[in-house]
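Please read these numbers as outputs of a predicted model, since none were measured by experiment. A note on names: the letters A, B, ... follow the listed sequences, proteins ahead of strands, and every chain is numbered from 1.
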Amino acid sequence: MMTVTAARFLLDGQVCFVGIGLPSEAANLARLSHAPEVVLIYESGTMGTTPDVLPLSIGDGELAERAQFVVSVPEVFAYWLQAGRVDVGFLSAAQIDRFGNLNTTVIGPYDQPDVRLPGAGGAPEIASSAREVIVMLRHTRRAFVPQVDFITSVGFGQAGEGRTGHLGRGPTLVITDLGVLAPHPETNELRLVTVHPGIDVEEVREMTGWELDVSPDLDVGDPPTADELDILRQLIARTREAHSR
Amino acid sequence: MMTVTAARFLLDGQVCFVGIGLPSEAANLARLSHAPEVVLIYESGTMGTTPDVLPLSIGDGELAERAQFVVSVPEVFAYWLQAGRVDVGFLSAAQIDRFGNLNTTVIGPYDQPDVRLPGAGGAPEIASSAREVIVMLRHTRRAFVPQVDFITSVGFGQAGEGRTGHLGRGPTLVITDLGVLAPHPETNELRLVTVHPGIDVEEVREMTGWELDVSPDLDVGDPPTADELDILRQLIARTREAHSR
Amino acid sequence: MAEFVSLPEAIGDLVPDGTTVAMEGFTHLIPFAAGHEVVRQGRRDLTLIRMTPDVIYDQLIGMGCARRLVFSWGGNPGVGSLHRFRDAVENGYPTPLEIEEHSHAGMATRYTAGASGLPFGILRGYLGSDLVKHTDVAVIDCPFTGEAVAAVPALRPDVTVIHAQQADRRGNIGIWGITGVQREAALAAASVLVTVEEVVDELVREGPNYAVLPHWTVTAIAQVPRGSHPSYSMGYSTRDNRFYTRWDRVSRDRELFARWMDAFVVSQDDFGGYLAAVEDESLLERVLSG
Amino acid sequence: MAEFVSLPEAIGDLVPDGTTVAMEGFTHLIPFAAGHEVVRQGRRDLTLIRMTPDVIYDQLIGMGCARRLVFSWGGNPGVGSLHRFRDAVENGYPTPLEIEEHSHAGMATRYTAGASGLPFGILRGYLGSDLVKHTDVAVIDCPFTGEAVAAVPALRPDVTVIHAQQADRRGNIGIWGITGVQREAALAAASVLVTVEEVVDELVREGPNYAVLPHWTVTAIAQVPRGSHPSYSMGYSTRDNRFYTRWDRVSRDRELFARWMDAFVVSQDDFGGYLAAVEDESLLERVLSG
C-alpha cells in the first residue's frame, strides 16, 4: 500500500531522485503504470534509467545498462541535484520528528551511540535541493519521535522554523504503512491527511510518538487497483527471480 | 630553427600543453623524432593526441580522432593543468619584457587600445601552473620591450620579484628566431644564453628593446640535422596538402 | 521539454533584442546557422558570451547586433585577428562594444558554477595578471589552509545556443568529439536552443567524449544540416579551413564585409541558401571585386 | 609511469601501516582483491577513505586494520548494517575506530577539489544538518552575491586503489559503467594502484560513461580477474547479490566473522584461492556450523 500510494503521487515527466528499496519500487511502479515518462535518477550516476527488475544496490549493472546516460557521482550532485533539476526526492530514515527532520546517523548520543546507522549518504542535499521530498517509512513509535536524536537531513527545522536558504520545499508528504502525513501550512507540523483503507485513526495516533494532529478533511485512500497490484507483483517476481541467480 | 630548437628541449615522456602554430610544430617534431612518448594536450580537451598533420585550429577533428581521450574544457583546466600535471607549457605573445611577462591583450592603454589583441585564452593559468614555460616568438624590438603594456600572463613580475604562489617555475626558456634567452638565476632578468648558427650577438642586442645581458658561457646552437629538417619538411608538406583540401 | 521548431521561430522566440546569449563551441560544432538567423532577424543590443568568439561573433559584431561581449580569446583560429571585433573595440564601429574578459580557466569555472547552481566558482588563476584590474575576479582565502584562490561569478545566460550531431525524436541530444564547455553552458542557461545535423530514432551513443543532453534540459531543437559551417560536426562534416583563411581579407574591409554579409547571409532565405552560395566561387569573386 | 606488478608487491610498496588509503567504488568495480591483500599482509592503523564503505571495509575494520574511517554512507547496500563497522563504532571492537563523516555531495566535492589541485571545494550542502557540528565544514559567503555556501577541505589520499576493466600494455586504464568518484579519487592521490580484469593490446573505448586514466597518472597495475567479487565489473562479471545477503549473518557474529575471514581470505594464497573457496558451498557450511 505504501508503494502504491507513493507511486500515485508521481506525475508523468517528473524527474525523481530515487534510493533503493520502497522508493525504487514506487518510482518504477509509477513508470510502469500511469507515468511512463517519469525520469529516474539514482545517485550512482545512472540517468533516466528504466530497470526491468528492481536493483538490490544503487549501482546494479541493470541500472547502468538501461540508463539513458551515466555520469560521475560528483556530476550527479553538482550539475543535477544541486542545480535544482530534481522534482521529487525520496528519502527514508530510522527516525522522523513532528517537523519532518530525518535521522539516519545515530540512535543515542553521537559520540556514544546505542545504534550506529549508515549515515547521511545523499540525503542532506536531497532534503535541501529537491523541489519536494517524499518520505517513506514504516509507522512505529520508535520511528515517529517528538525530536530526532540527530538531524541528518533537515525538514522544517528543530522548532519547525521553516526552510530559509533551501532550494526545495522540503518533505511535502510522509507515506507510511498506515497513511499519509503532510506538514500543516502554518505550523509545519506533520499531521495525518490520509489513512489507508481499513486503518483506524486511533491506531495511527498510537504509533506516533507525539500528539498527532489530524487534518479536518482527512480522507481514506483508495485500495490498490487490480492493475497496480498486478504490475507490482510481476515487478517483484521478476526481481526475486533475477536476484536469486 | 625556432621549431627545431624548441623540439630539442622536450624530453621523452613529458606532458606538454600545446597551442597552435610554432609550439604545435615543435612538440610534434619532438614526438616524431627523439621523444615518441611525449604527451600532447591541447586546451580543446584532446589528451595524448598524435596528429598526423598539424592542426590549423586548436579544435581540429584530427586532434579528437587521434587523441587517446577527449575531455571537456573545464576538466582540462581543473583536473589537468591546475592540478600540476603539465610539465611544459608553450606560450607566445605580442610583447615580452625583460622579466618574461607576456602581453596578448592590448597594445596601448586598455580602455583606448591602439591594437586590440585576442586576449588571455589559457595563457595566464599555463604561465602559473605548468612546471615550466617555453616562450616562442620572433625576435623584434616591437616584441622585446622593457615593459609590456599589459601583463596578460606573468613571468617573474613587473620588477622581476619572482613567483610566490605559483605552482610552476615560469618561463625557463624564450626561443626566438635569433637565439635562446633564459632568466638570470638571481635577477630573473632574461639574458641571451644561445645564438643560432650564423647569428651575431650584436644583431640580437639590436632587436631587443632593453640592454640585453649575455651569459658568460654563451653558446652557439647546432644547426638542424638532416633528420630534423626531413621530418619537419614532411610534416609541413602533409599539413599544407591536408589543409588546402 | 524540447520542442522541434524551425530555426527562424526558435531565434524569434528565444533571442529577442537585449538577450544575453551564449553561442558556444570550441572550434568544433559552432552554431553558425543560428548566428546567421540572428543577423537576418536584425537583433540589437545582445550581450554575447563565448570563450572563443570567432568568425560568427565577428559577423554579429560587424552587423551591429551586440552591445557587450564576455569572452576569453577573440581571434580567427590559426589565422589571426577578428577585424570586425577589433574595429568595434578600437574604433567603436559600427557601434561601441563593451567587453568583459577573462581567462579560459576563469570562463570555464564561471560556466561550471552556473551549471552547478552555485553563485561563484573557485580556481587557481589570474595571479599576477593585469586582468584582475579590469574584470570581475575576487580573491578568497581557504577556510582550512588560509591559501588564497581566485573566485569568479557564475555565468547564467538567458539562452545558450549550441550545435550538436543528433537529436532523437523525443528531443534527447547526442553530442561527441570536442564538446568544449557546451554542456556546462547549456546547463547554466535559462533556456537552451540546439541545432542538430540529424534527427534519428536512436542516438548512436558512441564516439570520443560522447555525451547526452536529456530532452528535459532542452527548450527547442531545429534541424540544420551542416549548420556549423565553416566549423565542422565530427562524423558529419569537416572544417572548411579555406573559409577561415579567406575570412581575414573579407573582415579587414568594412565595405567588403558589408557586401559579403549581404550576399551570403542577409539576402539568403536560410542556411541552405548560404551553403549553396559558398559553393559558388563566382559569387565570391563578384563580392570581392565589388 | 605505470608499472605492472603483482598485487602483494603493490600492496607491500604502496600501503604500509598508517597509510591514508581510498579504495573507491560505487557498488560497481569495488577493489575487493586489493582489500583482501591488505588483510593478508596484516596492515594496521590505516585511515580508510570511502564514500560508501561496504563489505570490504567491514572486513578491514573487523580485522583491525583501520584506525580511522572517512565516509558518507556505511551500510551493506540493499541488505542492512555493516556489523563489524557498527561493532567498532559502538563497542570499540576489535579496536576503536575514529570516524569523520560527510554527506555524499560533500565527499564528492572534497575528492573533486583534490583532483583539481584546490585546497577546498564549495557546495550548497549541510544546511540545517547536525553534521556541521561533528565534521569539517565551513560556511563562506559569495564575494559577489553575499550568499552563504558550504566549503569542505580537499581530500588527498596517500594512495587510491581502484578496480577497472582494462589496461593496455603501456598502462593506460579503460573503465566504464558506473565509475562513481574513482577518477577524482585517483587524480587526488599521491599514488594510484589499479587492479584490472584484463590486459589488452587496445582498450575497447566504448560502453556507457567510458573513461581513460592515462598511464602517466597511474603508479602500479596488477591484473586480478574478477578482482571486484562480490561486486562486479561491467562487461566481465555480474554482482553476487547472494553473497551480500549472506554477509549479514557472517558479520553479525564476531567468532563466525573471524572463522570466515580465516577460511576465505587469510588462509588463501591469493584472490584466486578466495574465488575457488566461495564456489565451495561445503566450506561455507563448515564455517557456519563452526
So for D:F71, is it side chain, backbone, both, or neither that comes closer than 4.5 Å to the heavy atoms of chain A? side chain
Measure the acute angle between the ring planes of A:F150 and D:H134, then classify it against the limits of 30° and 60° as parallel, tilted or perpendicular. tilted
Looking at A:A67, A:S57, A:G119, which makes the most heavy-atom pairs under 4.5 Å with chain D? A:S57
Chain D contact via A:E62 - which portion, at a heavy-atom distance below 4.5 Å: neither
For A:N103, which atoms come within 4.5 Å of any heavy atom of chain D: side chain, backbone, both, or neither? neither
So what's closer than 4.5 Å to chain A heavy atoms on D:F26: side chain, backbone, both or neither? both
Chain D contact via A:P124 - side chain, backbone, both or neither, heavy atoms under 4.5 Å: side chain
Which atoms of A:T164 approach chain D - backbone, side chain, both or neither, heavy atom under 4.5 Å: backbone
Using a 3.5 Å distance criterion without hydrogens, assess whether the side chain of D:S129 forms a donor-acceptor pair with backbone atoms of A:T152. yes
Close side-chain approach of A:L117 to D:R86, heavy-atom, < 4.5 Å: no
Nearest heavy-atom approach of A:A120 to D:H102 is CB-O, 3.9 Å
Would you say D:E281 has more than 12 foreign heavy atoms packed within less than 6.0 Å of its CD? yes
Highest number of heavy-atom pairs under 4.5 Å with chain A among D:T179, D:D130, D:T238, D:T112 belongs to D:D130
Contacting region of D:F85 [heavy-atom separation from chain A under 4.5 Å]: side chain
Contact between D:E184 and A:V73 at the side-chain level, heavy atoms closer than 4.5 Å - yes or no? no
Kindly indicate whether the side chain of A:H166, heavy atoms from C-beta on, has any atom under 4.5 Å from the side chain of D:L127. yes
Check ion pair D:E101-A:R116 (N to O, under 4.0 angstrom): yes
Straight-line distance of A:E125 CD to D:Y126 OH, nearest 0.5 Å: 6.5 Å
Any heavy-atom pair between the side chains of D:H28 and A:S44 that's under 4.5 Å? no
Highest number of heavy-atom pairs under 4.5 Å with chain D: which of A:S153, A:S72, A:S128? A:S72
For chain D, the option from A:P74, A:G108, A:G121, A:S24 that forms the most heavy-atom pairs under 4.5 Å: A:G121
Smallest separation among heavy atoms of D:W73 and A:P118, with atom names: NE1-CB, 3.4 Å
Test D:R242 against A:H243 for side-chain contact (heavy atoms from CB on, under 4.5 Å), laying out the working first. CA-CA 7 Å; D:R242 198 174 54 168; A:H243 290 168; over 6 Å; no
Which is it for D:I99 and A:Y110 under the side-chain contact (heavy atoms from CB on, under 4.5 Å) test, yes or no, and what are the steps along the way? CA-CA 11 Å; D:I99 57 171; A:Y110 184 78; 3.7 Å; yes
Can you tell me if A:Q82 uses its side chain to pair, donor with acceptor, with the backbone of D:R124 under 3.5 Å? yes
Against chain A, work out which of D:A105, D:G78, D:A108, D:P208 has the most heavy-atom pairs shorter than 4.5 Å and name it. D:A105
At a 4.5 Å cut-off on heavy atoms, which part of A:E75 comes close to chain D: side chain, backbone, both, or neither? neither
Where on D:M107 is there a heavy atom nearer than 4.5 Å to chain A: the side chain, the backbone, both, or neither? neither
Region of A:I20 in contact with chain D, defined by heavy-atom distances below 4.5 Å: side chain
Name the region of A:T46, side chain, backbone, both or neither, that has any atom closer than 4.5 Å to a heavy atom of chain D. side chain
With a sphere of 6.0 Å drawn around CD of D:E198, does it hold more than 12 non-hydrogen atoms of other residues, nucleotides or ligands? yes
Pair count under 4.5 Å, heavy atoms only, with chain A: among D:A148, D:G74, D:P77, highest is D:G74
Can you confirm whether more than 12 heavy atoms, excluding those of A:R141, are under 6.0 Å from its CZ atom? yes
Chain D contact via A:V115 - side chain, backbone, both or neither, heavy atoms under 4.5 Å: both
Identify which of A:L56, A:I126, A:D60 forms the greatest number of heavy-atom pairs closer than 4.5 Å to chain D. A:L56
For A:P113 and D:V89, work out which heavy atoms get closest and say how close. CG-CG1, 4.1 Å
